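Heads up: the structure comes next, in structure tokens.
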Amino acid sequence: MEKILEINNLNKSFQDFALKDISFSLEPGYIMGFIGPNGAGKSTTIKLIMNLLKKDSGEIKIFGKDHVRYEKEIKEDIGFVYDQNHFYDNLSITDMTKILAPFYKKWDQARYLHYIEQFELPKHRLIKEFSKGMVMKYSLAVALSHQARFIIMDEPTAGLDPIIRSELLDILYEIIQDETASILFSTHITKDLDKIADYITFINRGNMVFSRPKDEILESYRVVKGDKNILTGAIRKKLIGLKEHGVGFEAMLATKDWDNSLQERVLIEPPNLEDIMIYTVREDRQNKIDS
Ligand code: ADP
Ligand code: MG
């Protein structure tokens, strides 16, 4: 089947930052979480995908088509949720939507109204009086109302309170249950992805760390904790993001590096995505200091 998104060796340099050889792809019907700490390059990647920034080199295809050459037709089928309010503040959503809807050939007003009801958004109050959560919900309602095949969201949950966040995630979860749309969802709050993501793409300091199925990633690592006195050179070498405290240590270990001789000596736990991000970033920082 045709891929929804395909990125090959994408590069973009700024004065103090470079996105280097980013490659990943997304198939129809899946949710991909796009993770990395603040400043990793997530928004830059998304802006490059949307051609809001010009890439230096590499290839980006959406629905199998070059994202610059076919930009206009591709964007008809993309629902884009920005990381900040990009609507006219002095309008109500009703007036704002009157401006936006004509841009989409497949605009579905009934569906739009359905989401406005479901999200309990006031139709006639000015957008500038909206909370961040309300703006996000409006943005999502628009993104979902023109039969988009691909929804791209840049940190849709950042700055939302936990209740609105979980509500938003439930909505997304529902959407993928009965839709064939694919979603690319960037966040530095990995908890959001534990439940809903099928794939995870992780970047750090502009570099690819991995892009893999979530379940496979969770299987690939273990968190280990134990007494510092077992840390021989050979063991240290294998540990990822080692942190020592008092007499103990904690670190991550690739499942393939697990060694039965450790069995009696360490406590072993399955990681969540947050653990994987934290230990990997710590390892990367330690290597940067060492080298
Ligand atoms: P993330 O979204 O993962 O937090 P960003 O992609 O926003 O990260 O930013 C990555 C890096 O690129 C940051 O160091 C940021 O300062 C830099 N950057 C982003 N946009 C620009 C720009 N237009 N000009 C120069 N530097 C930029
Ligand atoms: Mg960002």
Side-chain angles (χ1 to χ4, degrees), residues 5-26 31-60 62 67-68 71 78-87 132-133 135-140 143 150-161 164-165 168-169 172 183-194 196-197 199-212 214 217 241 272-285 287-289:
L5 172 68
E6 192 172 355
I7 301 182
N8 290 310
N9 300 100
L10 175 64
N11 287 279
K12 174 75 184 178
S13 289
F14 295 126
Q15 198 165 11
D16 301 313
F17 176 83
L19 204 60
K20 284 162 268 161
D21 280 328
I22 300 300
S23 299
F24 64 90
S25 64
L26 178 59
I31 293 197
M32 177 176 277
F34 188 32
I35 67 170
N38 286 326
K42 301 182 297 297
S43 295
T44 301
T45 307
I46 287 175
K47 284 177 193 150
L48 291 167
I49 295 171
M50 293 301 290
N51 199 31
L52 300 171
L53 263 180
K54 289 262 167 286
K55 61 185 187 260
D56 294 341
S57 65
E59 179 186 59
I60 301 177
I62 302 173
H67 74 137
V68 177
E71 177 169 0
I78 293 183
F80 183 32
V81 178
Y82 291 76
D83 61 349
Q84 54 212 23
N85 179 6
H86 68 295
F87 302 116
K132 190 158 188 242
V135 174
M136 195 46 81
K137 283 180 177 172
Y138 173 59
S139 200
L140 197 60
F150 184 22
I151 294 169
I152 304 181
M153 297 184 293
D154 194 7
E155 304 258 7
T157 55
L160 300 186
D161 71 54
I164 308 273
R165 239 175 72 206
L168 191 91
L169 293 171
L172 290 178
I183 301 179
L184 180 70
F185 176 156
S186 88
T187 181
H188 66 281
I189 310 167
T190 54
K191 266 200 206 82
D192 291 347
L193 301 169
D194 287 333
I196 67 170
Y199 289 85
I200 303 291
T201 295
F202 178 9
I203 62 171
N204 186 33
R205 286 198 293 120
N207 294 298
M208 282 298 293
V209 181
F210 56 66
S211 182
R212 292 167 66 193
K214 183 184 71 186
I217 295 160
N272 55 30
L273 290 170
E274 184 166 323
D275 294 324
I276 294 173
M277 187 162 93
I278 289 171
Y279 286 108
T280 307
V281 170
R282 189 188 293 145
E283 175 71 18
D284 182 67
R285 286 194 185 137
N287 288 340
K288 212 174 128 194
I289 291 161

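Both ligands and their constituent atoms are indexed starting at 1 by order of listing. Quick caveat, the model's predicted, so the values are computed rather than measured.
Here Asn38 does not reach the Mg ion (ligand 2): none of its N/O/S atoms is less than 2.8 Å from the metal.
Judged purely by atom type and a 3.5 angstrom limit, Asn11 uses its side chain to pair as donor or acceptor with the backbone of Asp21. Within the 3.5 Å criterion, the main-chain N or O of Ala158 finds no donor-acceptor partner in the side chain of His188.
With rounding to the nearest 0.5 Å, the separation of CD1 in Ile183 from CZ in Phe150 is 10.0 Å. Taken to the nearest 0.5 Å, the CG atom of Leu273 stands 13.0 Å off from the CD1 atom of Ile189.
Ranking the protein heavy atoms by distance from atom 27 (C) of ligand 1 puts Phe14 CD1, 3.2 Å first. Among all non-hydrogen protein atoms, the one lying nearest atom 8 (O) of ligand 1 is Gly41 N, 3.2 Å. The nearest heavy-atom contact from the protein to atom 7 (O) of ligand 1 is Ser43 CB, 3.6 Å. Of all protein heavy atoms, the one closest to atom 6 (O) of ligand 1 is Thr44 OG1, 2.6 Å.
The aromatic ring centres of Phe34 and Phe24 sit less than 6.0 Å apart.
Close approach to Pro37 involves these atoms of ligand 1, each under 4.0 Å from a residue heavy atom: 3 (O).
Close N/O approach between Asn38 and ligand 1 is not found [any backbone or side-chain N/O within under 3.5 Å]. The N/O atoms of Leu53, backbone and side chain alike, include none that comes under 3.5 Å of an N/O atom in ligand 1.
For atom 15 (C) of ligand 1, the nearest protein heavy atom lies 4.0 Å or farther away. Distances from atom 4 (O) of ligand 1 to the protein include at least one heavy-atom value under 4.0 Å.
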Problem set entry | Pair Ile78-Met50, side-chain contact (heavy atoms from CB on, under 4.5 Å): steps then yes or no | CA-CA 9 Å; Ile78 293 183; Met50 293 301 290; 4.1 Å; yes
For this session: Let me see the working for Met136 and Ile164 under side-chain contact (heavy atoms from CB on, under 4.5 Å), right down to the final yes or no.
Result: CA-CA 10 Å; Met136 195 46 81; Ile164 308 273; over 6 Å; no
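Nearest residue to atom 13 (C) of ligand 1 from Gly39, Ser186, Ala40, Ala158 is Gly39 (criterion: closest heavy atom).
Thr190 pairs in a side-chain contact (heavy atoms from CB on, under 4.5 Å) with only one of the listed residues (Asp275, Asn272, Ile278, Ile35), which is Ile35.
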